[in-house]
Asks: 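The structure under discussion is supplied below as structure tokens; questions concerning it will follow.
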Amino acid sequence: MSLASNSYLTRLNPQQLQAATFTHTRPLLIIAGAGTGKTNTLAHRVAHLIASGLNPGRILLLTFTRRAAAEMLRRVDGILQGADLTTDSATSRIWGGTFHSIANRLLRIYSQSIGLGEAFTVMDRTDAEDLMNMVRSELQLDKGDARFPRKGTCMAIYSRCVNAQEQVEQTLKVHFPWCSQYPDQLKVLFREYTRAKHQQNVLDYDDLLLYWYHLLQNDQIAHHVSERFDAVLVDEYQDTNILQAGILQKLCPGGRGLTVVGDDAQSIYSFRAATVQNILDFPRQFPDAEVIKLEQNYRSTQQILDSANAAISLSPIGYRKELVSVRGPGQKPTLVHLVDEDQQSRYVIDRVLHHLEAGIPLRRQAVLFRALHHSDALEVELVRRNIPFVKYGGLKFLEAAHVKDLISFLRLAENSRDLTSAFRILQLLDGIGPASAKRAIEHLASGSFDLKCWEGFAAPPAARIQWRPFVDLMVNLARAAMPLQQQIAETREFYAPILEKRYDQASMRLRDLQQLEQISSNFRSRSEMLAELTLDPPNSTQDLAGPPLLEEDYLILSTIHSAKGCEWDAVYLLHAADGNIPSDMTTGSEELIEEERRLFYVSLTRAKDFLYVCFPAFYQYKRPARGHSMAQLTRFLPDEVLGHFDQVSLRNDSPADRPEKLKGAAANIRSAIVGMWE
Ligand code: ATP
Ligand code: MG
């Protein structure tokens, strides 16, 4: 290749260049701090591989979210086009996605070899919990012992055992000590749960990794699968779990073709069984590995980095990265002392609008928080002031009842053994309750799960009118002869009157379904759409619609977890109080506190130019019970870190003194007077 065609590499610094062009056959680890260009380097490496003639269809790129995969492929495309290298849609041939979505794709190819029906469907978390619950009741585990763990806990234990490849006893001892008297019952439960999934030809979320892992334990199949890929690249490797590391080992024997990238100081998913040991042990696991460190930070100005460096340096774990900016000192971050949440909302909005005036669009500003409900008050205020926003990490679009209903029609059509979906949609019909739904399902089973056999089912009288069109619809969908968009349109037509009868705000809900119909054209098939929606559930239809139109601008609200890998010109961290961060759910163990410290570090290192940390002194708890208390500043900001912040106090300037704030007091007086007579 001529030097001229290498022009796309000139923006990289020497270490980045070395990483991007390092021979693709040897294992490579890029370990470096936040904002040093790890993801960017990975994108250049992919572009370089393609420019050097590697077949894009033989490149596997694993990211943490669907959004990250799409963004990375966009970057690769941009790099190639910027260098005038014709891509012939090269990037669309790359295997890009999360571990779970790639598992889904591969398992469909190899389903025969592992005894999975081709048309398996993937259950979402709630359905999986419901199935677990059904098995739990069938086994009568809930009888006689009120303390036997509930479905959510059973699922969490199960998930941890699978992802950490741990024995039940061990998981209970370390993570669920209050359930440690039930290992035998839980094993029976998990076995029966697994059987039930098998019968229904469904997989749960964790099964995708588990099946992929087991698929690769067979040498012959492992060879076949690994032969598909010349290069496997993984971003955010610090947040992978044991199963994922095991998968990579088999996929890239000896580390051949494997590149992993990550930052141990940003590992924040141990609650999902991720282990930072994967990245720390990489050089030992693959002795042939090259390790490249990146030192310069291109994201944030130096004073922001100083605050982040100071915050992480207090960790006893001893992270050794001192980030150095190429961008000059910039502005000190600001710690803002506020009276309460309302004042915090007003302050944040004022600053957001100030920066907007000064030329930073809303989309390049983000408000971050530890827990989803921390932004409740801000959202109310944003709506009141007509400021558009998108929230990440929030209630998933798919969990909305009407979306789930529509998806369940498609799922049952895809896999007629998917009884959870069958049970759900049957009960949408007039006159069909759990008992008749069960009868209908038995009828279906006796007809070998051919949906057509429902034509002969004696539906309850109240369901007679709807029954025939329902069966016709299902049979038609199952044939899958129509384009996906039309399948959704026809389902929507059938379902619309049901929706109008059952739910409020029907027109808004119908609009969601219309949008779902539109974006369905982004998917190659029904099974792909169903799996993708389940594996990485979108927050809103907007999340699925691809890059937003240029004129659309909205503020980003995000949990810190969902902000991983992202960056914004201005970042506002809400509720920097002990109990919020670190979350008081985690203050029990030192390990968990350290994870919270890394989370705090992740939040600080998202900011490019402006960083505001907000500390309202008065906090109204909504969970677990209502109440309020004076907050303490987060323990992650002791004096030695605070020295790196400008501090502003708005506590004296408090609208809390305004008379309308005294309304609560009036109510108290009234109730005291009424109380006299009780
Ligand atoms: P994180 O740890 O948060 O995931 P990262 O190490 O993956 O961060 P990137 O997101 O790849 O960092 O890069 C951070 C920013 O620095 C991006 O805006 C990227 O475009 C920019 N950047 C990276 N390398 C260079 C470079 N050599 N020259 C100019 N800008 C760069
Ligand atoms: Mg990154």
Side-chain angles (χ1 to χ4, degrees), residues 6-21 28-48 61-65 67-79 82-83 96 98 233-240 259-269 274 276 279 292-302 304-305 308-309 311-312 319 321-328 330 360 363-364 366 368 556 558 560-571 598-609 611:
N6 265 341
S7 60
Y8 57 93
L9 298 173
T10 52
R11 283 189 51 194
L12 302 182
N13 70 32
Q15 292 82 27
Q16 292 177 332
L17 181 67
Q18 188 199 353
T21 56
L28 171 63
L29 163 66
I30 307 173
I31 184 160
T36 51
K38 296 183 297 298
T39 304
N40 189 42
T41 304
L42 208 57
H44 279 84
R45 183 161 169 76
V46 173
H48 181 67
L61 179 59
L62 293 158
T63 58
F64 206 73
T65 59
R67 233 187 331 150
E71 167 62 21
M72 183 95 95
L73 295 180
R74 214 176 45 75
R75 278 204 214 183
V76 173
D77 218 31
I79 298 165
T98 60
L233 305 99
V234 190
D235 199 3
E236 307 278 7
Y237 190 59
Q238 77 280 356
D239 280 323
T240 51
T259 302
V260 304
V261 163
D263 177 6
D264 47 338
Q266 293 186 69
S267 76
I268 53 175
Y269 275 91
V276 72
I279 193 164
I292 297 181
K293 295 181 180 161
L294 309 176
E295 325 244 276
Q296 284 154 318
N297 177 296
Y298 290 87
R299 176 180 295 147
S300 316
T301 49
Q302 189 60 50
I304 290 176
L305 290 184
N309 286 338
I312 198 71
Y319 298 103
K321 294 177 212 84
E322 279 284 304
L323 299 175
V324 180
S325 173
V326 299
R327 301 195 44 220
I360 305 180
R363 241 174 313 129
R364 298 210 327 244
L368 307 183
I556 308 293
S558 174
I560 307 175
H561 277 106
S562 302
K564 200 165 100 145
C566 301
E567 61 188 18
W568 295 277
D569 293 14
V571 167
R598 294 191 293 269
L599 204 52
F600 185 66
Y601 175 72
V602 168
S603 71
L604 303 184
T605 51
R606 299 308 96 200
K608 290 170 141 184
D609 295 297
L611 171 62

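Atoms within each ligand, like the ligands themselves, are counted from 1 in listed order. On a predicted model such as this, the values are computed, not experimentally measured, just so you know.
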Asks: With the side chain counted from C-beta on, respond yes when K564 and E236 share a heavy-atom pair under 4.5 Å apart, and no when they do not.
Replies: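 K564 reaches E236 side chain to side chain.
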Asks: How far apart are the closest heavy atoms of L17 and L12, and which atoms are they?
Replies: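 Shortest heavy-atom separation between L17 and L12 comes out as N-CB, 3.9 Å.
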Asks: In the protein, what heavy atom is nearest to atom 11 (O) of ligand 1, and what distance, to one decimal place, separates them?
Replies: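 Going by distance alone, atom 11 (O) of ligand 1 is nearest to N40 N, 2.8 Å.
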Asks: For V234, which of L61, I279, V261, V260 qualifies under side chain to side chain contact (heavy atoms under 4.5 Å, CB included)?
Replies: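 Exactly one candidate clears the test, V260.
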Asks: Report, in ascending order of atom number, the atoms of ligand 1 lying under 4.0 Å from any heavy atom of G33.
Replies: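 Listed by number with element, the hits are 6 (O).
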Asks: Q16 and side chain to side chain contact (heavy atoms under 4.5 Å, CB included): which single residue from L294, L42, T21, L9 fits?
Replies: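 The passing option is L294.
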Asks: Which bit of E567 gets closer than 4.0 Å to ligand 1, counting heavy atoms only: side chain, backbone, both or neither?
Replies: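 Only the side chain of E567 comes within reach of ligand 1.
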Asks: Identify, by atom number and element, the atoms of ligand 1 in contact range of R11, meaning under 4.0 Å from any of its heavy atoms.
Replies: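 Reading through ligand 1 atom by atom, the close ones are 26 (C), 27 (N), 28 (N), 29 (C), 30 (N).
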Asks: Do you see an N/O/S atom of N40, backbone or side chain, under 2.8 Å from the Mg ion (ligand 2)?
Replies: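 N40 does not place any N, O or S atom closer than 2.8 Å to the Mg ion (ligand 2).
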Asks: Is the closest side-chain heavy-atom distance between R11 and N40 below 4.5 Å?
Replies: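 Result no, sub-4.5 Å side-chain heavy-atom pair not found.
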Asks: Quick check: does G37 get an N/O under 3.5 Å from an N/O on ligand 1?
Replies: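 Yes, there is a polar N/O contact under 3.5 Å.
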Asks: Testing the basics here: between A47 and I79, what is the closest heavy-atom pair and its distance to 0.1 Å?
Replies: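 So the two residues come closest at CB-CG2, 3.8 Å.
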Asks: Which ligand 1 atoms are under 4.0 Å away from a heavy-atom of R606?
Replies: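 Those of ligand 1 that fall under 4.0 Å from R606 are 3 (O).
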Asks: Just checking, is any N or O donor in the side chain of Y298 or N13 under 3.5 Å from an acceptor N or O on the other one?
Replies: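 The criterion, which ignores hydrogens and geometry beyond distance, is satisfied for N13 and Y298.
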Asks: If you round to the nearest 0.5 Å, how far is CG of D235 from CD of E71?
Replies: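 The CD atom of E71 sits 11.0 Å away from the CG atom of D235.
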Asks: Can you name the closest pair of heavy atoms from R45 and T259 and give their distance?
Replies: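 So the two residues come closest at NE-OG1, 2.9 Å.
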Asks: Report yes if some N/O of R299 lies less than 3.5 Å from some N/O of ligand 1; otherwise report no.
Replies: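 Indeed, backbone or side chain, R299 has an N or O that close.
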Asks: Under the ring-ring contact (aromatic ring centres under 6.0 Å, His included) rule, collect the residues that match up with Y269, sequence neighbours excluded.
Replies: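 Only F64, F271, H561 meet the ring-ring contact (aromatic ring centres under 6.0 Å, His included) criterion with Y269.
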Asks: Under 4.0 angstrom from ligand 1, any heavy atom of T36?
Replies: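 T36: in contact with ligand 1 (<4.0 Å).
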Asks: Under 4.0 Å from a heavy atom of Q266: give me the atoms of ligand 1 that qualify, with their elements.
Replies: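 Those qualifying, in numeric order: 2 (O).
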Asks: Among all protein heavy atoms, pick out the one at the shortest distance from atom 24 (N) of ligand 1; state its residue, atom name and that distance to 0.1 Å.
Replies: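 Protein heavy atom with the smallest distance to atom 24 (N) of ligand 1: Q16 NE2, 3.1 Å.
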Asks: What protein heavy atom sits nearest atom 4 (O) of ligand 1, and how far away is it?
Replies: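 So the nearest neighbour among protein heavy atoms is G565 CA, 3.6 Å.
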Asks: To which protein heavy atom is atom 5 (P) of ligand 1 closest, and what is the distance rounded to 0.1 Å?
Replies: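 Going atom by atom, the protein heavy atom closest to atom 5 (P) of ligand 1 ends up being K38 N, 3.4 Å.
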Asks: With nothing but distance in play, are any N or O atoms of T39 less than 3.5 Å from an N or O of ligand 1?
Replies: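 Yes - when backbone and side-chain N and O of T39 are compared with those of ligand 1, one distance drops under 3.5 Å.
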Asks: Looking at atom 16 (O) of ligand 1, what's its closest protein heavy atom, distance included?
Replies: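 Of every protein heavy atom, Y298 CB, 3.1 Å lies nearest to atom 16 (O) of ligand 1.
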